[in-house]
Amino acid sequence: MLTSSPSSITDQTSIFALSGTTSFVAFALYVLTVVALWKVFTKAGHPGWLAIIPIVNIVFLTKIAGFSGWFALLYIIPIVGFVFHIIVQLRVGRAFGHGWVFSLFLLVFLYVVGYLIIGFSDDRYRPERI
């Protein structure tokens, strides 16, 4: 008989363990992202604690990319938001002296690794590079 809920206590336990593990991994990824963005924000001359607040960090990443903070509203529009995200990451990479290959692979797809590299390396933020 097919049911939508787990039938035995072991099924319920495994679902609970899976959700706990997923939550832990998501929290660890969030903490790593905050640490990386904190360093990037301080290098760019903004307060590092702004990396903790989820929507605000997108606004300040947009400012680091050389756009107005209001352009962060473009993230709300589905296809435009994805394209704008790529443009912002390419410009952030360029502002820190990296090329488009670094920006595309490490700031768009593996963003935690890319921001850790930018934050903890000797890269300097220069807005005139944008």
His98 to Asp123 - nearest heavy-atom pair and separation: NE2-OD2, 2.5 Å
Closest non-hydrogen contact found for Arg129 with Arg124 is NH1-O, 3.4 Å
Would a 4.5 Å heavy-atom cut-off, applied to side chains only, mark Ser121 and Lys43 as touching? yes
Value for CD1 (Ile55) from CG (Leu50), rounded to nearest 0.5 Å, stands at 13.5 Å
When rounded to the nearest 0.5 angstrom, what is the spacing between OH in Tyr111 and CD1 in Ile118? 14.5 Å
Cluster question for you: counting only ILVMFWY and a side-chain heavy-atom cut-off of under 4.5 Å, with indirect links fine, are Val112 and Ile53 together? yes
Distance (rounded to the nearest 0.5 Å) between Arg91 CZ and Ile64 CD1: 12.5 Å
Test side-chain contact (heavy atoms from CB on, under 4.5 Å) applied to Ile117 and Phe102, step by step: CA-CA 10 Å; Ile117 290 172; Phe102 176 88; 4.0 Å; yes
So, do Val92 and Val88 sit near enough that their side-chain heavy atoms are less than 4.5 Å apart? yes
Over all atoms of both residues, closest heavy-atom pair of Ala65 and Ile130: O-CD1, 3.5 Å
If you take all heavy atoms of Ser103 and Gly93, which pair is closest and at what distance? OG-CA, 3.3 Å
Sub-4.5 Å side-chain heavy-atom contact between Gln89 and Tyr115: yes
When clusters are formed by joining ILVMFWY residues with side-chain heavy atoms under 4.5 Å apart, either directly or through shared neighbours, do Val25 and Phe27 land in the same one? no
Hydrophobic cluster identity match, Ile77 and Leu73, side-chain contacts under 4.5 Å: no
Let me confirm one number: the NE2-CG distance from His85 to Leu90, rounded to the nearest 0.5 Å. 9.5 Å
On the 0 to 90° scale, with breaks at 30° and 60°, tag the Phe67-Phe71 ring pair as parallel, tilted or perpendicular. tilted
Taking the side chain as every heavy atom from C-beta outward, state whether Leu110 and Phe105 have any atom pair closer than 4.5 Å. no
Side-chain polar contacts of residues 29-42 - donor-acceptor pairs under 3.5 angstrom, sequence neighbours left out - could you list them?
residue: Tyr30; atom: OH; partner: Ile52; partner atom: O; Å: 2.4
residue: Thr33; atom: OG1; partner: Leu29; partner atom: O; Å: 2.8
residue: Thr42; atom: OG1; partner: Trp38; partner atom: O; Å: 3.2
residue: Thr42; atom: OG1; partner: Lys39; partner atom: O; Å: 2.8

Can you measure from CH2 (Trp49) to CG (Asn57) and round to the nearest 0.5 angstrom? 12.0 Å
CG/Leu61 to NZ/Lys63 distance, rounded to the nearest 0.5 angstrom? 12.0 Å
Under 4.5 Å between any side-chain heavy atoms of Thr62 and Tyr75, yes or no? yes
